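Here the structure comes first, spelled out in structure tokens, and everything after it is commentary.
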Amino acid sequence: MLEKIYLVKHLSLKQLGLIAICGAIVSGCSSSDDFVACQQAVSTGSVVVGSGLAGDPAIPEPQSGYKLGKKPVTGLSYMAVTANPLATKAGCEVLRDGGSAIDAAVAVQMVLGLVEPQSSGLGGGAFILHYDAASKKIQSYDGRETAPAAATEDYLRYVSANDKTNPLPKLSTAFSSTRASGRSIGTPGAVRMLEMAHKDYGRRSWSELFNPAIQLASDGFQISGRMAAAIAGARADLLRDPDAVAYFLNADLTPKGLGTLIKNPDYAATLRAIANGGADAFYTGPIAQSIVDKIGVSMGGAGSPVPITPGLTTMQDLANYKAIRREPVCTTYRDTWVCGMGPPSSGGIAVAQALGILENFDLSAQKPTQIGDEGAKPSVTAVHLISEAQRLAYADRNQYVADTDFFPLPANGVSSLVDKAYLKARASLIAMNKSMGTASPGSFPSKPLGSSAQEGNGTTHITIVDRAGNVVSMTTTIESGMGSFHFTRGFLLNNQLTDFSFDPVDSTGAAIANKVGPNKRPRSSMAPTIVFSKAADGSKGDFLMATGSPGGATIIQFVTKTLIGVIDWKLDAQQATSMVNFGAANSPTTGVGGEHPYIDSSNSGLNDPLLNGLRALGHTVSFAAQSSGVSTIVKTMSPSRGSNIYVGGADPRREGIALGDSPI
């Protein structure tokens with residue numbers, strides 16, 4: 001009874017009204033269990049996110065590489081998992097009030113663009129994987145940014161055909177230099193993509209989904225640890241943009257710090273315009289003109305201004321932008337179907353290839369050596385096999401995958417790259433006693449191609465399930481942390497075009513599939529993923545799980561780890577999400593996340609048996625901290641209830657939480 005009194009005390013009037021209607025305090029809306037809708041569980045009951053009460057996850061804390069004590073969250077009929085508590089709250093409340101998974105995704109993205117501006121927002125792009133439970137249809141949406149129509153294959157590396165120097169401002173590397181110029185900025189795609197998905201699967205009105213973010217932007221929110229660290233780290237670059245200075249820095253030009261109450265009236269005004277006018281209000285008119293003007297800036301910085309190479313984006317580029325419905329990449333893995341994002345993302349193909357290779361090994365026999373409150377620590381053999389499979393997958397990724405609207409995949413496309421026989425042959429290249437170091441791509445009849453691998457990591461991930469069983473797995477990004485450092489109308493612009501290869505050909509003169517081109521979309525590694533059971537006839541069965549992560553090219557490793565954790569090792573959503581990060585791109589280096597408490601990084605890592613075991617197999621081991629941001633929901637049977645529930649896991653390496661209609 002005391003718990004019920006506490007709940008009533010901390011529920012909003014709106015929530016109390018909803019509960020009174022369905023009688024939840026007395027007998028439960030759908031069962032005899034009491035529940036807490038969209039609340040954070042604490043030792044004395046629950047607390048509203050953003051209330052400032054003890055246990056509130058939205059109270060700003062210093063950034064941590066890994067936060068101990070993350071627990072799985074259960075939901076009876078809906079759930080949202082994001083990288084920020086205020087965003088999760090916004091999404092969960094949309095679900096609570098009858099909204100669809102897509103409705104919740106719109107609300108979440110608008111809040112994330114405010115409270116986590118360094119990672120995603122209106123000025124960036126995204127991919128959505130959506131499952132419609134009624135029709136059993138899986139649909140992917142491509143909101144990837146595009147290069148301007150005026151872009152040439154030398155757009156990123158040369159100022160012009162006559163001036164073959166790197167775009168300015170001149171920094172330590174060509175990548176950094178181009179990133180801070182207007183040349184790095186692609187035409188944003190997230191807003192148009194969300195509108196398309198909402199027209200297909202939205203239930204609530206478009207305009208109302210912007211209200212949570214508008215209120216937060218108007219009333220203000222406290223800067224979190226990750227946002228504070230991002231501002232401090234980018235201060236020198238932000239100084240070139242007076243709009244960024246006014247928002248992110250104090251009057252004395254010091255970075256605004258942890259816990260600072262910050263308001264963003266310009267962002268609120270931008271959101272109101274999009275809420276009332278739809279995506280057209282973003283891609284035409286004053287907002288679009290501000291974006292074009294900002295991309296075209298040629299001088300920046302106060303006191304001693306520095307030249308900035310402008311981009312060539314026009315109003316026509318924005319007006320012409322189109323989001324695209326695409327076919328997902330779906331393949332079987334053991335007794336499941338795993339569906340991901342196809343090109344221009346390499347994520348779905350690379351994850352499918354890694355799993356297809358690993359299907360030839362018994363990973364269930366290679367269970368983690370440690371399973372506990374912080375997830376799991378994998379065995380030496382498991383890390384060896386998985387990282388070798390990833391080397392092979394990345395070799396194909398780097399060689400063959402790009403925007404297929406401009407450069408086709410080899411042979412029969414996706415089906416050839418994920419063919420079981422092909423992947424079995426690739427698996428035969430893995431030796432149990434020695435790492436291959438660097439893999440070669442598979443051989444297909446095609447023109448000689450060069451290889452490119454770079455990618456940034458200013459990204460976030462959202463996983464949502466609604467009352468009807470519809471699912472959204474959405475990865476959204478502005479590319480590197482703080483994007484291009486160009487700021488307008490309350491949001492940062494991306495530096496997504498730096499995901500293209502800077503060079504159009506390799507040292508032998510072979511064309512690089514991922515070279516820049518007009519209206520082309522740069523290759524991504526974003527890997528929103530939805531998993532289904534395999535029905536008796538071999539077709540897709542029931543929804544099992546959804547996951548995804550930020551992390552640049554390393555996303556493929558984070559997602560593969562999480563999938564294997566649930567499918568092969570039967571970990572719960574939080575354990576699989578929290579588990580030690582590990583894997584390899586196509587190089588001799590195998591990464592093992594040293595931020596995890598199960599990794600002993602003392603004495604240069606020489607005291608840890610996992611690190612030593614990998615070295616003995618010839619791996620060059622890095623135990624640098626890894627900043628994943630996995631958000632996972634798993635549907636599982638509850639023995640106590642005799643029915644399915646959702647279990648959510650939020651990555652302890654970021655600030656996110658899972659919320660749903662959770663039993664006490």
Side-chain angles (χ1 to χ4, degrees), residues 38 40 42 47-70 80-92 107-124 212-235 238 244 247-250 254-264 267-268 457-462 476-478 480-483 485 487 490-492 549-551 577 595 625 627-631 650-659:
C38 304
Q40 173 77 30
V42 294
V47 64
V48 175
V49 176
S51 66
L53 297 173
D56 182 356
I59 296 175
E61 297 178 1
Q63 183 183 6
S64 171
Y66 186 101
K67 185 176 181 178
L68 296 170
K70 283 278 189 182
V81 190
T82 86
N84 182 279
L86 295 172
T88 301
K89 177 191 178 188
C92 186
V108 165
Q109 176 64 95
M110 300 310 143
V111 173
L112 283 175
L114 176 69
V115 300
E116 197 188 38
Q118 71 275 9
S119 296
S120 73
L122 304 179
I214 290 171
Q215 182 175 347
L216 274 172
S218 302
D219 297 345
F221 66 97
Q222 290 180 290
I223 293 176
S224 70
R226 287 189 63 82
M227 182 176 172
I231 295 171
R235 176 186 174 275
L238 295 172
Y247 183 64
F248 291 112
L249 306 183
N250 296 308
T254 57
K256 290 182 179 177
L258 176 71
T260 301
L261 182 70
I262 187 169
K263 299 180 180 182
N264 194 339
Y267 187 69
N457 56 9
T459 306
T460 195
H461 185 81
I462 301 158
T476 171
T477 181
I478 59 169
S480 301
M482 304 299 274
F485 315 110
F487 188 78
F491 59 92
L492 284 161
S549 180
T577 297
E595 80 289 340
S627 183
S628 57
V630 178
S631 297
D651 204 316
R653 301 161 186 86
R654 298 214 177 190
E655 297 164 333
I657 59 171
L659 290 175

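Predicted model only: the values in this text are computed from it and were never measured.
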Just by modelled atom types, is the [Y] backbone N or O under 3.5 Å from a matching donor or acceptor in the [X] side chain?
X	Y	result
Thr88	Ile657	yes
Lys89	Val49	yes
Ser218	Ile214	yes
Glu655	Gly225	yes
Ser51	Leu53	yes
Ser224	Pro60	no
Tyr267	Met110	yes

Atom [atom1] of [X] and atom [atom2] of [Y]: how far apart are they, to the nearest 0.5 Å?
X	Y	atom1	atom2	value
Arg226	Glu61	CZ	CD	13.5 Å
Ile478	Leu492	CD1	CG	5.0 Å
Gln118	Leu112	CD	CG	9.5 Å
Ile262	Met227	CD1	CE	4.5 Å
Leu249	Ile231	CG	CD1	7.5 Å
Lys256	Leu261	NZ	CG	9.5 Å

Determine whether [X] and [Y] make a side-chain contact, defined as any pair of heavy atoms from C-beta on separated by less than 4.5 Å.
X	Y	value
Pro117	Phe248	yes
Leu258	Ile223	no
Ser549	Arg653	no

Mind listing the closest non-hydrogen atom pair of [X] and [Y] along with its distance?
X	Y	result
Asn84	Leu86	OD1-N, 2.9 Å
Glu116	Ala83	OE2-CB, 3.5 Å
Pro652	Lys70	CB-CG, 3.7 Å
Asp651	Ser628	OD2-OG, 2.6 Å
Pro85	Pro57	CG-O, 3.4 Å
Arg654	Ser119	NH1-OG, 4.0 Å

Lys67 atom NZ: more than 12 heavy-atom contacts under 6.0 Å
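For Lys67, atom NZ is not crowded (no more than 12 foreign heavy atoms under 6.0 Å).
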
